[in-house]
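Beneath this line is the structure, given in structure tokens, with notes to follow.
Per chain, numbering begins at 1; letters A, B, ... match sequence-line order.
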Protein chains: 2
Amino acid sequence: MAKRESNVDRVYEALRRMAADFAFKPDQRINESALSEVLGASRTPLREALNRLVAEGFLTFQNNRGFFCRPLTPSYIMDLYEARVAVECEATRLACTRAADEDIAALADYLNRMEPEYESATDPEELLAMDESFHARLAQLSGNSELQRILNNLNGRIRYIRLIDLKRMRDRAGGKAPGDISAHRQIAEGIAARNTDAAVTAMRSHIEKRREEATEAVRIAFSQLYVPDE
Amino acid sequence: MAKRESNVDRVYEALRRMAADFAFKPDQRINESALSEVLGASRTPLREALNRLVAEGFLTFQNNRGFFCRPLTPSYIMDLYEARVAVECEATRLACTRAADEDIAALADYLNRMEPEYESATDPEELLAMDESFHARLAQLSGNSELQRILNNLNGRIRYIRLIDLKRMRDRAGGKAPGDISAHRQIAEGIAARNTDAAVTAMRSHIEKRREEATEAVRIAFSQLYVPDE
DNA sequence: ATACTCAAAACTGTATGCAGTTTCGAATTC
DNA sequence: GAATTCGAAACTGCATACAGTTTTGAGTAT
């Protein structure tokens, strides 16, 4: 029986989750020996996975000093959100131009089917997964796999902040995170009508709204990361 | 005396150049042992470098089968150009909004200083370097390092096709590649006037024009890659 | 000739060991 | 007490070895 998944892949997936969740604190040095023991692999596959994550921007690297968790600063998060605007607005534009009618209809369907779940969801992780899913599906409509790839990478690095943000909103709203599906619907309707300007404008303002919230979330994230007990 | 540059870095740089130039043919399997001998390093640092390149999209990877050169298809090149539109238009927009007057002036200065060299240049590699330099500088004006990072990656993967394209234009124009600096100037003027729409529109049409040429260049690239003698 | 089989050869996946570099902390000096 | 030195400990960088997988091609059958 052939082994289907390599050790590197397994280690990579584990590390990506850890990096996305800031299981390593910002700028923290990563000890390869200790980590390889935790992950049950030797340093060779571990370092291969770490190199991938460096190339993806989840970690940094310094010669003879090893791997470090990426820093967490307001301007870094700002950059990521602005890059999302670039990628998603163009994806929206392309979707308006060239997506098949049935695929657009499928996106609208998806929104309808998700709405009850979205409105009733209380778990930030669940809400975030649904939100990301919508954006990923929309990027698919662009038919451009580079844009999808870039978006996936950006979302991975933003995820932690968005989660903090959603938790904050839930706590302020008394146990209920607000599922803002209306913005998504507005975007989807713009695409369905092949109204490029309307759809792109809706997308831009949707992401930029989130970006503004995120600045505050970074401050909170900082305090959370330096109080390691849950 | 401390060693300043690691083996991995050196190997990575060499591989990036090779991958950018399609020193490996599309979909070709990469033999680690042979390559490590050529590069004068063992397989361990080589594989670390190869993993970075996979994460950056220069290579692909299959379990137990190793590393492969990325494929070269019209739709792949199209995707890269569309991603460039996304990134560079947003960078232009941000530059209009927030770049310092003196930095914008520096860009215009750069264009002026370059113009004689640009008009007289006959070497496609030189022309391309100058073109990329303009776009990189403009991205810098956005103040967003993610957009710069993404653009750098996209340009690396597009470079080979652009080179083919420039060579084709040179050959058709009789030994002289056309240095189309006017489009760059138009973009720079739009930014200087803080006229976002004009600058973004100019940037979009500039890249899209190049994208259309590129489709033909892919066909030529194919034929060049499969006639290995220079 | 073509298709199939299977063992040898070639190649990838990963653990391990050691050399070179950085980090840490006790001892020393001011 | 604060700063400095320096040797030991810890860690990273990389070559090598070997186990497991894939590829190749000679031999065989159709």
Side-chain angles (χ1 to χ4, degrees), chain A residues 1-19 23-71 226 228, chain B residues 1-19 23-71 226 228:
Chain A
M1 186 57 186
K3 193 164 48 168
R4 276 285 144 248
E5 199 191 32
S6 78
N7 225 340
V8 177
D9 284 345
R10 185 177 56 76
V11 167
Y12 168 80
E13 292 298 338
L15 285 176
R16 191 184 202 270
R17 256 193 304 279
M18 290 171 77
F24 315 110
K25 309 225 175 300
D27 287 315
Q28 179 196 349
R29 181 178 182 165
I30 291 171
N31 183 321
E32 296 173 17
S33 311
L35 192 53
S36 74
E37 213 162 307
V38 169
L39 295 175
S42 79
R43 283 176 55 223
T44 308
L46 171 62
R47 281 176 62 101
E48 292 189 10
L50 288 169
N51 270 284
R52 285 197 213 172
L53 290 162
V54 168
E56 290 173 354
F58 282 96
L59 302 175
T60 64
F61 175 78
Q62 289 177 49
N63 234 321
N64 288 320
R65 304 219 319 123
F67 298 87
F68 296 79
C69 184
R70 68 194 187 285
Y226 290 108
Chain B
M1 185 62 186
K3 193 164 50 166
R4 275 286 146 245
E5 197 192 33
S6 79
N7 226 340
V8 177
D9 283 344
R10 185 176 56 76
V11 167
Y12 168 81
E13 293 297 339
L15 286 176
R16 192 185 201 272
R17 255 193 306 277
M18 291 171 77
F24 314 111
K25 308 220 176 304
D27 287 315
Q28 180 194 350
R29 182 176 180 166
I30 292 170
N31 184 320
E32 296 173 16
S33 311
L35 192 55
S36 73
E37 213 161 305
V38 170
L39 296 174
S42 80
R43 284 177 54 222
T44 308
L46 171 61
R47 282 177 61 100
E48 292 187 12
L50 288 169
N51 270 285
R52 285 197 212 171
L53 290 162
V54 168
E56 290 173 344
F58 283 96
L59 302 175
T60 63
F61 175 78
Q62 290 176 47
N63 233 322
N64 288 319
R65 305 218 321 123
F67 298 87
F68 296 79
C69 184
R70 69 194 187 285
Y226 290 109

Item to check | Nearest-neighbour nucleotide for the A:E32 side chain, C:dT16, C:dG13, D:dT12 considered | outcome: D:dT12
Checklist entry - Are the side chain of B:R70 and the backbone of B:D27 linked by a donor-acceptor contact shorter than 3.5 Å? => result no
Next on the checklist: I'd like to know whether A:D9 forms a salt bridge (charged side-chain N to carboxylate O under 4.0 Å, His left out) with A:R16, so could you lay out the CA-CA distance, the side-chain angles of the two residues, the decisive distance to 0.1 Å, and finally the verdict.
Outcome noted: CA-CA 10 Å; A:D9 284 345; A:R16 191 184 202 270; over 6 Å; no
Checklist outcome for this item: Side-chain contact check for B:P45: nearest option of C:dA15, D:dC14, C:dT12 is D:dC14
Item to check | Atom-pair distance (CZ on A:R65; P on D:dC11), nearest Å | outcome: 14 Å
Checklist entry - Between B:T44 and A:N31, which has a closest nucleotide on DNA chain D that is more 5'? => result A:N31
Checklist outcome for this item: Of the listed C:dA15, D:dC11, D:dA17, the closest approach to the A:A41 side chain comes from C:dA15
Item to check | Rounded distance in Å - CG (A:L39) to P (C:dT14) | outcome: 13 Å
Next on the checklist: Whole angstroms only, please: what is the CG-P distance between A:D9 and C:dT14?
Outcome noted: 8 Å
Checklist entry - CD of A:Q28 to CZ of A:F68: how many Å apart, nearest 0.5 Å? => result 10.0 Å
Item to check | Spacing of B:R47 atom CZ relative to C:dT12 atom P, expressed in whole Å | outcome: 8 Å
Checklist entry - Nearest 0.5 Å, what's the CZ-CZ distance between B:F24 and B:F58? => result 12.0 Å
Item to check | A:V8 side-chain proximity, nearest of D:dT22, D:dT16, C:dT14 | outcome: C:dT14
Item to check | Whole angstrom value for the distance that separates P of C:dG13 from CG of B:L46 | outcome: 12 Å
Item to check | Under 4.0 angstrom between A:N7 side-chain N/O and C:dA15 OP1 or OP2 | outcome: yes
Item to check | Interatomic spacing from OG1 in B:T60 to CZ in B:R65 - rounded to 0.5 Å | outcome: 9.5 Å
Next on the checklist: Please determine whether a side-chain nitrogen or oxygen atom of B:R43 lies at a distance below 4.0 Å from atom OP1 or OP2 of D:dC14.
Outcome noted: no
Checklist entry - Between B:L59 (CG) and C:dT12 (P), how many Å, whole number? => result 13 Å
Checklist outcome for this item: Whole-Å distance, A:E48 CD to C:dT12 P, equals 12 Å
Next on the checklist: Classify A:I30 by what it touches in the nucleic acid, base, sugar-phosphate, or nothing, heavy-atom distance under 4.0 Å.
Outcome noted: sugar-phosphate
Checklist entry - If you check the A:N64 side chain, which of D:dT22, C:dT21, C:dT23 turns out closest? => result C:dT21
Next on the checklist: Under 4.0 Å, counting only non-hydrogen atoms across every strand here, what does B:L50 touch: a base, just sugar-phosphate, or nothing?
Outcome noted: nothing
Next on the checklist: If the cut-off is 4.0 Å, is A:R29 near the phosphate of C:dT23, judged by side-chain N/O to OP1 or OP2?
Outcome noted: yes
Next on the checklist: Measure CZ/A:F67 against P/D:dA10 and give the value in whole Å, please.
Outcome noted: 22 Å
Next on the checklist: Categorize A:F61 for me: base, sugar-phosphate, or nothing, with a 4.0 angstrom heavy-atom threshold over every strand shown.
Outcome noted: sugar-phosphate
